[in-house]
Amino acid sequence: MDLGLRGKRVVVTGASKGIGRSIAEAFVTEGAAVAICARTAATLEATASELRAGGGTVFAATCDVGNADSLHAFLEAAHAALGGVDVLINNASAFATTDNEAGWQAAFAIDIMASVRATTKVVPWMEAAGGGSIIHISSVSGVEGGSPAPYAAAKAALFSHAKTMAVNLGPKNIRVNTVAPGSIEFPGGVWEMVKNGMPAMYEGVRSSIPFGRLGRPEEVADVVVFAASPRASWLSGAVLAVDGCQHKGNF
């Protein structure tokens with residue numbers, strides 16, 4: 001299936017590893033030009049080099065998305081490098097696991113406000129181009145209790161923001177959706193560390209998933225790329241759980 005993404009200009013935040021990296025790679029494979037950011041320069045540049053080696057057009061710059069000025073500078077540079085922005089993927093997360101002042105501040109700044117600011121920034125560019133697609137990467141932790149409070153609350157807030165933006169931006173032909181991954185395992189990721197350091201916890205999560213395994217980043221990326229593409233032109237305001245039915249509620 002041709003997803004119609006060749007030549008599209010895509011921004012992915014937090015894209016040096018894991019889900020973000022897989023999303024960027026999937027867009028490059030579809031022929032899109034991609035701008036990526038992360039806080040660690042060495043990891044970011046290694047990812048950019050590998051994506052370019054496959055023939056992709058890739059702009060990369062370090063950025064602390066939780067800092068408004070840093071995020072603004074990255075988006076301006078990405079817009080200039082790509083010649084526009086057709087797709088925005090708000091993927092960066094603080095992964096806040098401490099229920100204290102620092103945890104809440106990090107979750108609010110990185111998960112929520114970075115997504116809000118980036119969305120506000122790109123909307124005029126997308127409107128001028130005739131439309132666009134914005135996707136927040138949330139989590140199934142946002143739809144049920146049990147996760148660290150700052151993380152779960154921030155991810156739930158993204159559902160509401162995306163729905164409201166979908167309604168408000170529909171007349172501008174800009175679609176806004178949320179993708180909610182379940183537990184995703186990859187080298188160097190949180191769940192690999194849990195597997196090695198807390199095997200009982202890992203096994204408890206693994207056994208709760210009907211497929212008997214954790215997800216892979218590319219399985220999330222495939223859904224994101226389709227949802228962002230013109231082939232999903234009537235999809236807006238949706239929450240797409242990509243979790244192998246880890247979350248079992250009806251909503």
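Computed from a prediction, not measured in an experiment: that's the story for all the values here. For the single chain, residues carry numbers from 1 onward in sequence order.
Taken to the nearest 0.5 Å, the CD1 atom of Ile110 stands 10.0 Å off from the CZ atom of Phe95. For the atom pair CD1 (Ile135) and OG1 (Thr119), the distance works out to 11.5 Å, reported to the nearest 0.5 Å. Separating the CZ atom in Arg175 from the CG atom in Leu169 is a distance of 12.0 Å, to the nearest 0.5 Å. Here OG of Ser115 is found 9.5 Å from CD1 of Ile137. Values are rounded to the nearest 0.5 Å. With rounding to the nearest 0.5 Å, the separation of CD in Glu45 from OG1 in Thr40 is 13.0 Å. To the nearest 0.5 Å, the span separating CZ on Phe59 from CZ on Arg52 amounts to 9.0 Å.
We find that Glu219 and Arg213 are joined by a salt bridge, their nearest charged nitrogen and carboxylate oxygen being less than 4.0 Å apart. By the 4.0 Å N-to-carboxylate-O rule, Arg206 lies close enough to Glu203 to be salt-bridged with it.
Side chain of Ser93 to backbone of Asp111: no donor-acceptor contact under 3.5 angstrom is found. Using a distance-only test at 3.5 Å, with no hydrogens or angles considered, a donor-acceptor pair links the side chain of Ser138 to the main chain of Lys155. Between the side chain of Asp86 and the main chain of Arg9, a donor-acceptor pair closer than 3.5 Å is present.
Side chains of Arg216 and Glu185 form no contact here, defined as non-hydrogen atoms less than 4.5 Å apart. Between Trp191 and Ile184 the shortest side-chain heavy-atom distance does not fall below 4.5 Å. In this structure, Pro150 and Thr98 have side chains that are not in contact, with every pair of non-hydrogen atoms separated by 4.5 Å or more.
Thr43 and Ser16 form no side-chain donor-acceptor contact under 3.5 Å, judged by distance and modelled atom types alone. There is no side-chain donor-acceptor pair under 3.5 Å between Gln246 and Ser208.
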Inset, instruction - Test side-chain contact (heavy atoms from CB on, under 4.5 Å) on Ile19 and Asn91 and set out the steps. - result: CA-CA 8 Å; Ile19 291 173; Asn91 173 70; 3.8 Å; yes
